[in-house]
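For ligands, and for the atoms within them, numbers begin at 1 and follow the listed sequence.
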Amino acid sequence: MKRVVILFSKEGSNMENIIKKLHPHKIFVVAVITNNPKARGIAKAKALGINTVILNHKEFDSREKFDEKLVEIITGFDVDLTILAGFMRILTPIFTSRIKAINIHPSLLPAFKGANALKRSYESDQAKVGVSTHFVTDELDGGKIIMQKSFDKSGMSFEEFEKKIHECEHEIYPLSVLKALDLE
Ligand code: GRF
């Protein structure tokens, strides 16, 4: 059984969705890790009986020191893959060079890399929008694409658009996890 760890910072809806769809019959979620002690996802992970680690980035002097501790914890879990699911930290090469990880991003990469992608994608004049999953490298949102799903946002309110983005994310992220682990 392939072992994974999931990292999140806020809602954790992608984390919860992956656990519900894949754990423990397809993959084993060893633990979830959050950098935010107030993340709403903590209660979701606990309700599903998953080991939940809180590593507050504010307790570290630098990104590098935080990443060193994060790498140490992940390495200790002996996982095949690390899944970033709304993990709102920029990762240094200390992490990206040592940890095999995938990420989900709310745009059709390479469009709208980086922060506020959801809003920038909605406000753009491109009708075709969507979500992407990709391998993590030291280039922000720049690694090899695993899957994408697109739709036409014409006529949608921001709320409808946001809901559709999350639906697409919840559809392709579990499939992308299996693909990244050569299980599909
Ligand atoms: C998602 O939109 C994801 O694409 C982005 O952060 C959001 C996380 O949402 N990276 P949730 O915490 O999984 O609900």
Side-chain angles (χ1 to χ4, degrees), residues 4-23 27 29 31-48 50 52-57 63 67 70 81-92 95-96 99 101-124 126 128-151 153 156-180:
V4 307
V5 65
I6 308 178
L7 275 54
F8 68 97
S9 295
K10 290 182 189 163
E11 281 307 319
S13 76
N14 280 284
M15 173 269 295
E16 182 182 43
N17 175 60
I18 289 168
I19 295 169
K20 283 185 173 167
K21 287 190 178 149
L22 303 179
H23 173 86
I27 58 170
V29 181
V32 298
I33 305 175
T34 184
N35 63 303
N36 175 10
K38 293 185 180 153
R40 276 189 286 266
I42 294 171
K44 294 174 185 163
K46 287 194 170 156
L48 291 164
I50 306 291
T52 304
V53 177
I54 299 169
L55 186 69
N56 188 349
H57 65 277
R63 281 191 193 282
D67 279 7
L70 190 56
L81 184 68
T82 294
I83 302 167
L84 307 183
F87 190 61
M88 312 305 272
R89 301 293 305 159
I90 292 180
L91 296 160
T92 70
F95 181 99
T96 56
I99 301 292
I102 63 173
N103 184 39
I104 188 151
H105 190 73
S107 75
L108 285 181
L109 291 171
F112 311 116
K113 291 180 181 178
N116 300 318
L118 195 92
K119 190 160 175 282
R120 287 187 288 134
S121 175
Y122 180 71
E123 286 171 357
S124 82
Q126 284 169 24
K128 192 179 170 194
V129 293
V131 304
S132 309
T133 55
H134 64 92
F135 286 98
V136 173
T137 64
D138 56 6
E139 189 201 334
L140 184 65
D141 301 321
K144 188 172 164 251
I145 301 283
I146 303 165
M147 290 179 80
Q148 291 187 308
K149 182 157 175 105
S150 65
F151 61 94
K153 77 172 183 342
M156 283 187 177
S157 67
F158 182 72
E159 289 67 31
E160 287 164 344
F161 166 78
E162 198 175 20
K163 187 164 174 275
K164 181 73 181 165
I165 287 281
H166 288 304
E167 277 171 21
C168 293
E169 290 186 338
H170 294 174
E171 183 183 329
I172 72 164
Y173 212 5
L175 298 174
S176 304
V177 169
L178 297 179
K179 208 168 168 191

Any residue meeting side chain to side chain contact (heavy atoms under 4.5 Å, CB included) with Asn14, in chain and number order, not counting sequence neighbours: Ala85, Ile104, Glu169, His170, Tyr173
Do Asn35 and Ser9 pass the side chain to side chain donor-acceptor pair (under 3.5 Å) test, and can you show the C-alpha distance, the side-chain angles, and the key distance before you say yes or no? CA-CA 6 Å; Asn35 63 303; Ser9 295; 2.7 Å; yes
Which residues satisfy the ring pair (Phe, Tyr, Trp, His ring centres under 6.0 Å) test with His57, sequence neighbours excluded? none
Where do Phe158 and Leu118 land on the side-chain contact (heavy atoms from CB on, under 4.5 Å) test, with the steps shown first? CA-CA 9 Å; Phe158 182 72; Leu118 195 92; 3.6 Å; yes
Using 4.0 Å as the upper bound for N to carboxylate O, is an ion pair formed by Glu160 and Lys153? no
How would you list all residue pairs meeting salt bridge (Lys or Arg N to Asp or Glu O under 4.0 Å) that involve residues 136-147, not counting sequence neighbours? Lys113-Glu139
Residues in the immediate environment of ligand 1 (any heavy atom closer than 4.0 angstrom): Glu11, Gly12, Ser13, Asn14, Gly86, Ile104, His105, Pro106, His166, Glu169
